[in-house]
Amino acid sequence: IKGCAQFFRKRPEEVKSNERYLYIFTNRHHYAVKLLCSVLRVNESGYYRWLRNRNKLSKRRLLLVEIQNIINEHPDNDNYGVDRILSALEQKKHIKCSRRTVYRAMKEGNLLHQRRTPHGITKATDAIQEKENIIKRDFTSDRPITKLLTDITEVQCSNGKLYISPIFDCYNGEIVALEMRDNMKKELCIDTVKQLKQRYGNLEGVLLHSDRGSQYTSDAFRSILSTYGMIQSLSGTGKCYDNARMESFFATLKKEKLYRIPTYAMTKEQVKTVVFRYIFAYYNTIRITSFNPGGLPPAKYRESYIESAA
């Protein structure tokens, strides 16, 4: 049969039945359906059943249409996994279904993603005196700007490395301050805290947790925290899980944005713009956040707190 060599890149039984049915349908005017079914090793009655139902969308296909609509709402929504799609369906489309159903629909639509894990870069300074880990892996908070996390990550650009220093609010998962530089000196971290002060004012009693990188254990960094009345908490040496939510944010940033663009061919200024837009125009304000009730984006969840407290 003409075209079979190209069609059979795999053995017939390794090709999905729907694909074989579609091939039969396409070539039905050139060859007898019975012959095509025999060659492709499918049941003739199964082909006619497929033919009757091929224009009818299954419930899963209809769900896949709604999922695709959600993804199309914003360019970065195509990073959504099963849990965020589940929240978005309920929040935006008022559709309730099981996680398994969403998983199957996304798998059928090739919308599932593979995970990549970034690595931390700050180094612990053994000479610095050990401090108590106050946060003790409790990343929950009942109020905004009371328990914060920070760290540094790097991105390779065409003209060198870009270092990203955010501050993360445990209450709603919002990035509340962000500095980016071409080096990871202590001034990068100090200026991130200064930006936080400028944006939120009084920081008396606010807990800021980080790893034991030399930037965070420096006298200058501790001095600025003391000036603002902030409390410092430090991870145990080599214990990345002590700052797990911060590392989780970096994983999200890289998986959903940075790993998907050729940062190695972009300048640091170009990557800065990408990171800034992703965080403040999407992550904080639009992106479904499974950690928050109802999947509310961080900024909207903070607004709901302010409204309820008023």
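In this chain, numbering begins with 1 at the start of the sequence shown.
No single ILVMFWY cluster, assembled from side-chain heavy atoms under 4.5 Å apart, contains both F139 and F291.
In this structure, the side chain of S233 engages the main chain of I134 through a donor-acceptor pair within 3.5 Å. With N243 contributing its side chain and T150 its backbone, the two residues share a donor-acceptor pair below 3.5 Å. Looking at N133, its side chain does come within 3.5 Å of a backbone N or O of K136 through a donor-acceptor pair.
At a threshold of 4.0 Å, the pair D76-R287 does not count as salt-bridged, since none of the basic side-chain nitrogens sits closer than that to a carboxylate oxygen. Contact check on R302 versus E174 returns a salt bridge, with a Lys/Arg side-chain nitrogen under 4.0 Å from an Asp/Glu carboxylate oxygen. Ionic pairing of E179 and K194 is not present here: no N-O contact between side-chain nitrogen and carboxylate oxygen is shorter than 4.0 angstrom.
Looking at K147 and I135, their side chains come closer than 4.5 Å, going by heavy atoms from C-beta outward. Using a 4.5 Å heavy-atom cutoff, the side chains of L188 and M180 are not in contact. At least one side-chain heavy atom of I152 sits less than 4.5 Å from a side-chain heavy atom of Q215.
When all heavy atoms are compared, the tightest approach of N183 to K185 is OD1-N, 3.0 Å. Between N159 and M266, the shortest heavy-atom distance links the atoms OD1-O, 4.3 Å.
Taking the six-membered ring for Trp and the full ring otherwise, the centers of Y47 and F25 sit at least 6.0 Å from each other. Taking the six-membered ring where the residue is Trp, the centroids of F280 and F276 are separated by under 6.0 Å.
Annotation: the span from T153 atom OG1 to L162 atom CG amounts to 9.5 Å, rounded to 0.5 Å. For the atom pair CZ (R222) and CE (M230), the distance works out to 14.5 Å, reported to the nearest 0.5 Å.
Judged by distance alone, the side chains of S98 and T101 do bring a donor and an acceptor atom under 3.5 Å apart.
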